[in-house]
Each structure stands twice: as C-alpha cells, then as structure tokens.
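Beneath this line is the structure, given in structure tokens, with notes to follow.
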Amino acid sequence: YIKPMKFEVDVSGFDIFNEKDYTICIASNEGTGIIKGFKLNEGLINSLISNWKNNKYRYKYDTYGTKRGIFKVRIYCIILHYLFNSIAPKPDFVSLTLCRDFKGRENQIKESVKYLLDKINIKSGKPQFQKLPTTSLAHIYAGMMRGDKKNLFGCYVNISLEDIEKYLL
C-alpha cells in the first residue's frame with residue numbers, strides 16, 4: 001500500500017482567458033511545505049488565444065461556450081501537469097481535492113489530469129471536487145500569488161508557451 005500525498009488545487013480569478021494574473025496553485029496540507037503556483041500573464045493568454053483562433057492546435061476554435069470551455073480546461077490541466085512535475089522528489093501517488101472552478105467539466109478534468117500525471121509517473125486516485133475552506137493553503141496562496149505584482153514568492157513554476165503547446169498540437 002502506497003500512502004497518497006494529499007494535494008489541494010485552487011485558482012484565483014474568474015476567467016482564465018479574460019484576466020491577467022489568473023493564478024493556479026497546488027498545495028499539500030500535510031506539513032510537507034509543498035506549494036507550487038503559476039500565474040498566466042497577458043502575453044501568454046493572447047498568444048494561446050491567437051494560435052487557437054488560427055487553428056494551430058488540435059482543438060478547433062469556436063466562439064461558443066462549449067469549445068471555449070474545453071480549451072480552458074485543457075490549459076488548466078496542462079498547467080497542473082507542470083506544477084506536479086516541478087515537485088522533487090515526485091510523489092508516487094497523489095490524492096487531489098480540486099476547487100470547483102470549472103463547473104460541469106469534472107469528468108474532463110479527471111480524465112485529463114490522470115492522463116497528464118501518468119506521463120510523469122504519478123498515479124492519482126479519483127479527484128474530489130468541492131469548495132475549498134478558507135484555511136486551505138491552495139486557496140490562501142492562489143490569492144496571495146495573484147496579488148504578488150513583483151513575483152516575490154519562491155513557489156512559482158516557469159511554464160512557457162512552448163511547454164503548454166506540447167500538449168495542444
């Protein structure tokens with residue numbers, strides 16, 4: 001039996017495409033001190049949307065909510081992949097509690113996260129989707145990172161447009 005390492009996942013911001021400084025954070029509340037985050041900047045968002053509109057990705061561009069939602073969730077899951085990949089040593093197995101930031105997309109997130117974590121040899125159980133308590137480290141740090149205009153926290157992970165596009169092409 002491998003004891004899973006428990007992580008919570010939260011975001012700070014309402015719309016991954018329409019807000020600069022939209023932040024995604026993972027945190028372990030088990031006293032390990034593992035907190036990792038990524039802040040999407042305006043340039044990255046503009047490049048992703050532009051390339052998507054120009055059909056450079058396998059996800060077809062559409063102005064309707066459905067395909068837009070699918071693309072947003074894919075970006076979110078890819079970023080989670082890189083946040084977990086930055087942990088050293090990598091956990092063998094994780095138990096995830098994700099804030100309900102993409103309502104109605106739970107199955108898509110579950111499948112995508114499992115696939116992307118498998119790529120880096122991290123197994124995951126069935127994720128839980130719920131509103132995180134205000135005491136959650138992921139909730140607290142996502143908010144603090146979003147407000148950190150000078151990027152002073154040491155828990156940011158560098159993720160480039162090229163990194164994200166590896167899973168979009």
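It should be emphasised that the depicted structure is a prediction, and the values quoted were computed from it without experimental measurement.
- The side-chain heavy atoms of Ile35 and Cys25, taken from C-beta on, include a pair separated by under 4.5 Å.
- Annotation: ring-ring contact (aromatic ring centres under 6.0 Å, His included) contacts of Phe102 (sequence neighbours excluded): Tyr76.
- For the residue pair Tyr22 and Asp15, no side-chain donor N or O sits within less than 3.5 Å of a side-chain acceptor on the partner.
- By the ring-ring contact (aromatic ring centres under 6.0 Å, His included) test, Tyr61 is found to be paired with Trp52, residues two or more places apart in sequence or in another chain being considered.
- Put simply, the side chain of Asn54 never gets that close to the backbone of Lys56: no donor and acceptor are under 3.5 Å apart.
- Annotation for Asn18: atom CG counts as buried by contact number, over 12 foreign heavy atoms lying within 6.0 Å.
- If you take SG on Cys77 and CG on Leu98, they are separated by 8.5 Å, rounding to the nearest 0.5 Å.
- With rounding to the nearest 0.5 Å, the separation of CD1 in Ile164 from CG in Leu44 is 4.5 Å.
- To the nearest 0.5 Å, atoms NZ (Lys119) and OH (Tyr167) are separated by 6.0 Å.
- Scanning for side-chain contact (heavy atoms from CB on, under 4.5 Å) contacts around Lys6 gives Glu30, Ser95, with sequence neighbours left out.
- Looking at residues two or more places apart in sequence or on another chain, you find no side chain to side chain donor-acceptor pair (under 3.5 Å) involving Lys110.
- The CG atom of Leu80 sits 11.5 Å away from atom CD1 of Ile75, with the distance rounded to the nearest 0.5 Å.
- With sequence neighbours excluded, the residues that form a side chain to side chain donor-acceptor pair (under 3.5 Å) with Arg74 are Tyr59, Ser112.
- A donor and an acceptor atom, one from each side chain of Glu8 and Thr97, are nowhere located under 3.5 Å apart.
- By the side-chain contact (heavy atoms from CB on, under 4.5 Å) test, Pro89 is found to be paired with no residue, residues two or more places apart in sequence or in another chain being considered.
- Between the His81 side chain and the Leu116 main chain, a donor and an acceptor come within less than 3.5 Å of each other.
- Here the side chain of Asp118 pairs no donor or acceptor atom with the backbone of Tyr115 at under 3.5 angstrom.
- Counting only residues at least two apart or on different chains, the side-chain hydrogen bond (donor to acceptor under 3.5 Å, both in side chains) pairs with a member in residues 82-91 are Asn85-Lys90.
- Applying the 4.5 Å side-chain rule to ILVMFWY residues, one finds that Leu152 remains a lone member of its cluster.
- Residues satisfying the ring-ring contact (aromatic ring centres under 6.0 Å, His included) test with Phe17, not counting sequence neighbours, are Phe71.
- Annotation: the span from Ile122 atom CD1 to Met5 atom CE amounts to 9.5 Å, rounded to 0.5 Å.
- By the side-chain contact (heavy atoms from CB on, under 4.5 Å) test, Lys39 is found to be paired with Asp21, Thr23, Asp148, Asn151, Tyr156, residues two or more places apart in sequence or in another chain being considered.
- No continuous path of hydrophobic side-chain contacts links Tyr141 to Val9 [ILVMFWY only; heavy atoms under 4.5 Å].
- For the side-chain contact (heavy atoms from CB on, under 4.5 Å) test, residues two or more places apart in sequence or in another chain that qualify with Asp92 are Ile2.
- Using modelled atom types, one side-chain atom of Glu106 and one backbone atom of Gly104 make a donor-acceptor pair closer than 3.5 Å.
- Residues that satisfy the ring-ring contact (aromatic ring centres under 6.0 Å, His included) test with Phe129, not counting sequence neighbours, are absent from this structure.
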